[in-house]
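Quick notes on the structure that follows.
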Amino acid sequence: MTKPADARGQGVFPIFVFFDWHNTLSTTPFWDSILGNERHPLARRLNVAVEDLFRGRKEFVCAWMRGQVTDEQVIETLNVRLPRGYKDDYLLRELLRGCRNTKIDPAMADIVRAVRDRAFVAVASDNMPCFVDAPPRVLTGDLRMDELIISSSVGVLKKESPDRFFGPTLERFGLTPADAVLIDDCADTCRIFRAWGGSAYHYTEPGRLRADLAQLLPELAGVSIKAMPSV
């Protein structure tokens with residue numbers, strides 16, 4: 001690979017690495033501040049409602065991820081009655097607050113930091129409008145992602161059309177699918193991305209990913225990536 005000139009200076013290789021979000025960089029669920037607190041008065045009711053949403057209404061969830069329904073509309077369908085004294089927008093505010101404060105696996109954060117010194121990096125996520133309105137601070141701050149590509153903004157899921165999802169970003173950076181790498185926990189999405197012309201690694205755990213990336217980018221072999229446990 002030859003090194004292009006870009007805003008970050010010398011040493012950046014012409015490749016774009018796209019990191020999936022859920023079950024790759026982070027496993028934190030929506031409304032974790034409520035669902036993770038057994039003493040919260042809404043914990044049981046919301047847990048049942050969220051379980052039904054994600055397991056029983058998958059087409060509706062996909063519409064949410066395409067931006068075809070709003071966060072408010074989804075919350076209304078949960079039919080979770082708020083205790084006395086709670087404001088009507090409480091669940092929306094907690095949804096947005098949780099998105100902003102979401103943490104990522106520290107081992108994966110370490111990998112992202114190492115990769116971003118050698119390549120362009122982005123979060124590429126099938127995700128909801130809340131993720132756009134309240135992006136995790138770690139992505140816009142500490143990890144300094146070059147791009148956040150979210151399905152609810154693009155209007156399509158990754159495996160439905162890689163060209164519509166990833167294409168505009170690659171074109172803006174002067175790259176092609178052959179210059180792109182996807183790291184995703186969905187094997188089917190990885191297969192479709194490869195068929196589109198890119199490289200993809202089915203994510204299972206950080207140790208294996210470090211080995212995969214070292215093969216793809218030998219120049220990363222000399223970069224210190226701490227082996228930190230997943231959380």
Side-chain angles (χ1 to χ4, degrees), residues 19-106 108-109 122-143 145 147-161 164-165 184-189 203 229-231:
F19 288 88
D20 176 47
W21 176 255
H22 186 59
N23 286 334
T24 300
L25 290 180
S26 177
T27 57
T28 303
F30 289 144
W31 292 292
D32 185 54
S33 62
I34 299 173
L35 301 181
N37 179 6
E38 294 181 356
R39 300 178 63 182
H40 195 287
L42 289 175
R44 184 182 64 81
R45 279 176 283 172
L46 185 59
N47 184 70
V48 172
V50 170
E51 182 79 6
D52 173 71
L53 173 66
F54 284 98
R55 292 189 180 274
R57 294 188 286 155
K58 293 185 179 180
E59 283 304 314
F60 185 66
V61 170
C62 285
W64 189 18
M65 289 191 292
R66 295 188 195 100
Q68 296 167 343
V69 295
T70 66
D71 299 330
E72 292 89 343
Q73 289 171 323
V74 171
I75 291 171
E76 185 176 355
T77 70
L78 297 180
N79 294 317
V80 174
R81 189 180 217 173
L82 299 177
R84 186 187 301 272
Y86 281 64
K87 293 184 178 180
D88 292 342
D89 66 346
Y90 175 73
L91 288 179
L92 176 61
R93 286 187 288 108
E94 284 301 297
L95 176 64
L96 296 175
R97 186 169 72 89
C99 285
R100 279 191 293 268
N101 295 332
T102 299
K103 307 299 181 185
I104 76 170
D105 181 332
M108 290 300 294
V123 162
S125 178
D126 290 334
N127 223 313
M128 292 67 172
C130 56
F131 201 88
V132 178
D133 295 336
R137 292 188 180 98
V138 66
L139 299 181
T140 56
D142 178 39
L143 295 185
M145 290 287 181
E147 293 273 297
L148 300 182
I149 311 173
I150 310 301
S151 60
S152 57
S153 292
V154 178
V156 67
L157 305 182
K158 281 179 283 188
K159 63 183 179 181
E160 289 177 335
S161 177
R164 286 177 58 193
F165 192 99
D184 201 296
D185 72 299
C186 177
D188 194 37
T189 300
Y203 174 79
S230 299
V231 295

### Query
Just checking, any donor-acceptor pair under 3.5 angstrom between side chains of Trp21 and Asp126?
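Not at all, the side chains of Trp21 and Asp126 share no donor-acceptor pair under 3.5 Å.
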Shortest non-hydrogen contact from [X] to [Y]?
X: Asn37; Y: Ser33; result: CB-O, 3.6 Å
X: Ala124; Y: Phe165; result: CB-CE2, 3.7 Å
X: Pro129; Y: Ser152; result: N-OG, 3.3 Å
X: Pro83; Y: Arg45; result: CG-NH2, 4.1 Å
X: Ile34; Y: Ala43; result: O-CB, 3.6 Å
X: Met145; Y: Leu148; result: CB-CD2, 4.1 Å

### Query
Can you tell me how far the CZ atom of Phe19 sits from the CG atom of Leu143, to the nearest 0.5 Å?
9.0 Å
Backbone N or O of [Y] within a donor-acceptor pair of the [X] side chain at under 3.5 Å?
X: Asp71; Y: Cys130; value: yes
X: Asn101; Y: Arg97; value: yes
X: Ser125; Y: Ile150; value: no

### Query
Trp31 pairs by side-chain contact (heavy atoms from CB on, under 4.5 Å) with which of Leu78, Asn47, Leu42?
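Of the listed residues Leu78, Asn47, Leu42, the side-chain contact (heavy atoms from CB on, under 4.5 Å) partner of Trp31 is Leu78.
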### Task
State, with a plain yes or no, whether a side-chain heavy atom of Leu139 is found less than 4.5 Å away from one of Thr102.
no
### Query
Tell me, which pairs form a salt bridge (Lys or Arg N to Asp or Glu O under 4.0 Å) where one or both residues lie in residues 149-158, sequence neighbours left out?
Asp20-Lys158, Lys158-Asp184
